[in-house]
Q: 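Pasting in a structure now, in structure tokens, and then I'll have a few things to ask.
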There are 2 protein chains.
Amino acid sequence: MPPKLSPVEALDLWQRVSVASVRQDAPDLSARQLALLLTVYLTPPPHTVRGLAELLTISKPAVTRAVDRLSELGMVKRKVDDKDRRSVLIQRTVKGSVFLREFGDTIVAASGNTE
Amino acid sequence: MPPKLSPVEALDLWQRVSVASVRQDAPDLSARQLALLLTVYLTPPPHTVRGLAELLTISKPAVTRAVDRLSELGMVKRKVDDKDRRSVLIQRTVKGSVFLREFGDTIVAASGNTE
DNA sequence: GTAAATAGATACGATACTGAAACAAACTTC
DNA sequence: GAAGTTTGTTTCAGTATCGTATCTATTTAC
């Protein structure tokens, strides 16, 4: 069971993490790109362009572009589905795992220094 | 004292909130815009263009543009500083308060439905 | 086989953002 | 007063993203 946050604590946490993310020279991802990246890493595969477009309620080209960008950064990779070669599976990478681990640490750190 | 999050819980929370934010048709703010908005509302005034640029480590024109955008949306407003008319104070608005309250609720909701 | 359906990528014009540099206005120094 | 400094905005060319529509490739239906 997760700890329960109050609205004020929640916004405070978001502020500190947002500022930390903007400040550090990590690749500056859009909200969509981050949501897509987190989804690929934290929800069970397979992840297709169509499926992600539906989940996020954005257009397929928007997903294609987000995957383009995240691929350039080495955060995810494309893999053609052998069972249906029209489909493209979006998969995790080592670099993406490292990035998200650091991001998780940033959040934890921000949740600790409230006082 | 805030509740302590584990890295996994933290990323999980971020994923759910990010997806919820992208899905709902709330104005889709960039990371910088959101960080600026949260800072204006959650840290003590006054907030100037220069001060925000230094805090976020971004250029002054970038702050001007973010304030332009947030002003269009009615989330913040500009007020010339009477004590130094070169300075512009970035202030809160009712609409921005409502938006952040809802955003806080979104986070709290996401932190509750892990199971 | 040929036609229809599906998945993803690409083309297109429009909008928004980027940092660096130039700018206007207000304040300070002398 | 004039010169210099500071604050925020504007301009500029370059890049990224947007949604709609179109396109290619693959699979399915017949």
Side-chain angles (χ1 to χ4, degrees), chain A residues 18-19 21-40 45-92, chain B residues 18-19 21-40 45-92:
Chain A
S18 295
V19 171
S21 297
V22 170
R23 283 182 61 90
Q24 76 195 35
D25 52 0
D28 118 270
L29 304 178
S30 71
R32 290 181 172 189
Q33 289 162 356
L34 182 60
L36 195 155
L37 182 65
L38 286 164
T39 297
V40 168
H47 301 289
T48 63
V49 172
R50 175 165 184 73
L52 291 167
E54 284 178 358
L55 175 67
L56 299 172
T57 322
I58 60 179
S59 63
K60 286 194 299 176
V63 174
T64 293
R65 279 186 297 262
V67 172
D68 285 346
R69 173 78 176 129
L70 293 171
S71 293
E72 284 172 12
L73 296 170
M75 304 283 211
V76 300
K77 61 184 176 186
R78 287 182 165 94
K79 167 94 169 47
V80 173
D81 186 350
D82 285 330
K83 295 170 187 164
D84 183 344
R85 300 165 65 83
R86 291 170 302 181
S87 284
V88 168
L89 306 177
I90 290 86
Q91 301 181 320
R92 308 170 193 180
Chain B
S18 295
V19 171
S21 297
V22 170
R23 284 181 61 90
Q24 75 195 35
D25 52 359
D28 120 89
L29 304 177
S30 71
R32 290 181 171 188
Q33 290 163 355
L34 182 60
L36 195 156
L37 181 66
L38 286 164
T39 297
V40 168
H47 301 290
T48 64
V49 172
R50 174 164 185 72
L52 291 167
E54 283 178 358
L55 175 68
L56 300 173
T57 321
I58 60 179
S59 64
K60 285 195 300 175
V63 173
T64 293
R65 280 185 295 263
V67 173
D68 285 346
R69 173 79 175 129
L70 293 171
S71 294
E72 284 172 12
L73 296 170
M75 304 283 210
V76 300
K77 61 183 175 187
R78 287 180 164 95
K79 167 97 169 45
V80 173
D81 186 351
D82 285 330
K83 296 170 185 163
D84 184 345
R85 299 163 67 84
R86 291 171 301 181
S87 284
V88 168
L89 306 177
I90 290 86
Q91 302 181 321
R92 310 171 191 178

Q: Could you state the atom-to-atom distance from CG of A:L34 to C1' of D:dT17 in whole Å?
A: 16 Å

Q: If every non-hydrogen atom of A:R69 is compared with every non-hydrogen atom of A:Q33, which pair is closest and at what distance?
A: CG-NE2, 3.4 Å

Q: Measuring only between side-chain heavy atoms, which start at C-beta, is B:L73 closer than 4.5 Å to B:L29?
A: yes

Q: Of B:V40, B:L38, B:T39, which is the lone residue that meets side-chain contact (heavy atoms from CB on, under 4.5 Å) with B:L36?
A: B:V40

Q: Heavy atoms only: give me the nearest B:L89-B:T48 pair and the separation to one decimal.
A: CD2-CG2, 4.0 Å

Q: Can you check each nucleotide of nucleotides 4-9 of chain C against protein heavy atoms at under 4.0 Å and return B for base, S for sugar-phosphate only, - for none, in 5' to 3' order?
A: --BBBB

Q: Rounding to a whole Å, what distance do you find between B:Q91:CD and D:dG8:P?
A: 13 Å

Q: Rounded to the nearest Å, what distance is computed from the CZ atom of residue B:R85 to the C1' atom of nucleotide C:dT28?
A: 17 Å

Q: Over how many whole Å does the gap from A:K83 atom NZ to D:dT28 atom P extend?
A: 13 Å

Q: Rounded to whole Å, how long is the line connecting atom CZ of B:R65 with atom P of D:dT11?
A: 12 Å

Q: To the nearest angstrom, how far is B:D82 atom CG from C:dC27 atom P?
A: 10 Å

Q: Return each pair, listed once, that meets salt bridge (Lys or Arg N to Asp or Glu O under 4.0 Å) where at least one residue sits in residues 55-64 of chain B; pairs must be two or more places apart or across chains.
A: none

Q: Taking CD1 from B:I58 and C1' from C:dC17, how many angstroms apart are they, rounded to a whole number?
A: 11 Å

Q: B:R32 side chain: which of C:dC17, C:dA26, C:dG19 is closest?
A: C:dG19

Q: Does A:D68 pair with A:R78 as a salt bridge, N-O distance under 4.0 Å?
A: yes

Q: Could you check how far CG of A:D28 sits from C1' of C:dT18, rounded to whole Å?
A: 10 Å

Q: If the cut-off is 4.0 Å, is A:Q33 near the phosphate of D:dT17, judged by side-chain N/O to OP1 or OP2?
A: yes

Q: Who passes salt bridge (Lys or Arg N to Asp or Glu O under 4.0 Å) against B:R86, sequence neighbours left out?
A: B:D84

Q: When all nucleic acid strands are considered with a 4.0 Å heavy-atom cut-off, which category describes A:A66: base, sugar-phosphate, or nothing?
A: nothing

